[in-house]
Amino acid sequence: MASSARSDQARIHLPSDPGDKPLDDEALLKLVPIHIVTQASQLPTAFLEPSPESQLVIGFDCEGVDLCRHGTLCIMQLALPDAIYLVDAIQGGEMLMRACKPALESAYITKVVHDCKRDSEALYFQFGIKLNNVVDTQIAYSLIEEQEGRTRSPDDYISFVGVLADPRYCISYLEKEEVRVLLRQDPKFWTHRPLSEQMVRAAADDVRFLLHIYHKMMEKLNQRSLWYLAVRGALYCRCFCINDNDYADWQSLSPIPDNVLMEGNAPEEEILSILDVPPGKMGRVIGRKGASILAIKKSCNAEILIGGAKGPPDKVFIIGPVKQVRKAEAILRGRMSF
């Protein structure tokens with residue numbers, strides 16, 4: 001096990017193997033160490049040197065100030081089955097984050113995360129890291145809902161706390177609201193050093209349940225949904241990471257598996273489209289109290305995202321099947337032409 005300058009203890013939900021009975025309370029509350037990492041040598045070799053022989057599934061999250069391209073990524077959390085690592089991007093700096101780059105871009109390490117878009121944007125623009133091979137629990141939750149015959153409104157994105165509260169996962173996370181209050185009072189909360197006990201606990205709490213949820217979700221998803229999960233996760237990673245080469249240097253998207261193609265009614269290719277919004281036209285896209293963009297979302301089977309307060313302020317991002325994305329593009333261009 002790698003050494004660390006400081007170690008704490010946290011209660012963590014450990015993953016159960018698919019097909020096993022639910023873990024008992026003692027297993028679910030097993031204490032595991034939290035390592036605060038300021039140099040690469042404190043991270044396990046299996047993470048730093050990804051290989052097909054030692055593939056990993058890890059819980060993943062990032063904390064920071066205005067986490068996006070222009071903000072500050074302060075802490076990157078990694079949850080392994082036997083430990084949690086809090087990678088201190090402020091103390092360790094670019095050298096430490098550069099050491100993590102192979103793992104974050106590797107196909108041999110699955111990163112389980114909830115809503116990866118802004119994390120990916122921050123990693124890309126601040127450290128040149130192209131986040132790859134994610135299982136996004138926000139996407140997985142929606143796919144499970146679809147499989148079970150439930151539909152959601154276009155703007156109904158489940159929060160991480162919402163996933164934890166779902167009876168299918170039955171995890172209480174009361175501390176999250178406490179942290180939200182602190183962040184409203186002190187937006188620079190994650191920049192303070194040394195890390196307080198409360199900061200350590202809050203950072204660890206955001207990843208300690210992810211492996212447990214991952215295994216529960218994987219049991220429910222069929223082959224078709226697993227393909228959607230992989231492709232949409234990759235498109236989420238790219239979403240706000242705008243570049244000039246159409247993502248040519250990113251990992252290619254997963255092809256539709258043969259067994260899904262053989263089922264008949266094969267899924268359509270999914271893409272990401274980015275529309276430029278002329279100056280002064282974003283208001284027409286959004287509409288009064290969001291009515292315009294909500295109407296467009298309802299008419300198209302595609303996700304339509306705008307940068308909001310974190311930006312970019314002049315783009316609309318569309319993710320979904322090709323025909324639905326083209327339909328959304330046409331409607332949006334029509335709104336912008338007035």
Side-chain angles (χ1 to χ4, degrees), residues 4-13 32-39 42 59-79 83-97 100 104 111-127 129 131 136-138 157-165 171-210 239-241 305-313:
S4 68
R6 173 178 161 192
S7 185
D8 295 271
Q9 294 285 321
R11 296 186 180 274
I12 180 171
H13 280 254
V32 299
I34 303 172
H35 299 293
I36 298 174
V37 176
T38 57
Q39 50 189 334
Q42 297 165 338
F60 175 80
D61 193 24
C62 296
E63 308 293 350
V65 179
D66 291 328
L67 198 61
C68 62
R69 73 182 67 194
H70 302 302
T72 304
L73 193 157
C74 301
I75 298 173
M76 183 173 70
Q77 305 104 292
L78 313 171
I84 293 174
Y85 297 86
L86 304 183
V87 179
D88 191 337
I90 291 180
Q91 297 280 47
E94 188 170 345
M95 181 176 295
L96 175 58
M97 295 301 293
C100 296
L104 298 179
K111 280 69 70 174
V112 184
V113 59
H114 189 85
D115 191 6
C116 64
K117 296 187 291 293
R118 291 300 185 183
D119 292 357
S120 180
E121 179 187 15
L123 288 167
Y124 181 67
F125 286 104
Q126 295 179 37
F127 300 104
I129 295 170
L131 187 61
D136 193 309
T137 55
Q138 188 177 77
Y157 296 102
I158 188 78
S159 69
F160 185 49
V161 173
V163 172
L164 297 178
I171 299 170
S172 176
Y173 189 3
L174 300 177
E175 297 90 346
K176 186 67 175 179
E177 184 55 37
E178 176 188 344
V179 176
R180 285 175 174 165
V181 171
L182 286 170
L183 289 171
R184 286 194 292 269
Q185 294 172 345
D186 180 9
K188 296 189 180 298
F189 175 77
W190 292 112
T191 66
H192 301 316
R193 297 296 181 275
L195 294 173
S196 67
E197 181 179 341
Q198 184 178 45
M199 294 171 75
V200 170
R201 188 182 76 245
D205 279 351
D206 273 357
V207 292
R208 68 187 177 112
F209 306 112
L210 282 170
C239 184
F240 295 129
C241 301
L305 305 163
I306 57 175
K310 292 184 177 180

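Being a predicted model, the structure only gives us computed values, none of them experimental.
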>> Testing the basics here: between Thr191 and Lys188, what is the closest heavy-atom pair and its distance to 0.1 Å?
In response: OG1-O, 2.6 Å
> Is it true that Lys117 and Asp136 have a side-chain N and a carboxylate O under 4.0 angstrom from each other?
Replying inline: no
> Hey, what do you get for SG (Cys62) to CG (Leu131), rounding to the nearest 0.5 Å?
Replying inline: 8.0 Å
>> Hydrogens and angles aside, do Asp206 and His114 bring a side-chain donor and acceptor to less than 3.5 Å of each other?
In response: no
> If we only count heavy atoms from C-beta on, is the Arg69 to Pro312 side-chain gap below 4.5 Å?
Replying inline: yes
> Is the shortest heavy-atom distance from the side chain of Gln77 to the side chain of Glu63 under 4.5 Å?
Replying inline: yes
>> Using 0.5 Å steps for rounding, measure from the CZ atom of Arg193 to the CE atom of Met199.
In response: 5.0 Å
>> Counting C-beta onward and ignoring hydrogens, is there a side-chain heavy-atom pair between Val207 and Phe60 closer than 4.5 Å?
In response: no
>> Would you say that Leu78 contacts Leu86 through its side chain, given a criterion of any heavy-atom pair below 4.5 Å between the two side chains?
In response: no
> Which atom names give the shortest non-hydrogen contact between Leu67 and Thr72, and what distance separates them?
Replying inline: CD1-O, 4.2 Å
> Are the side chains of Arg208 and Ile84 in touch, meaning some heavy atoms are under 4.5 Å apart?
Replying inline: yes
>> For a quick test of reading the model, state the closest non-hydrogen atom pair linking Gln42 to Val37 and the distance between them.
In response: OE1-CA, 3.1 Å
> Is the NZ or CZ atom of Arg118 both under 6.0 Å from the centre of the six-membered ring of Phe240 and within 45° of that ring's axis?
Replying inline: yes
> Do you know which two heavy atoms are closest between Ala203 and Trp190, and how far apart they sit?
Replying inline: N-CH2, 3.7 Å
>> Which heavy atom of Leu96 sits nearest to which heavy atom of Gln39, and what is that distance?
In response: CD1-C, 3.6 Å
> Taking the side chain as C-beta and beyond, is there a heavy-atom pair between Val113 and Gln138 under 4.5 Å?
Replying inline: no
>> Could you report the tightest heavy-atom contact between Ala202 and Val179, atom names first, then the distance?
In response: CB-CG2, 3.6 Å
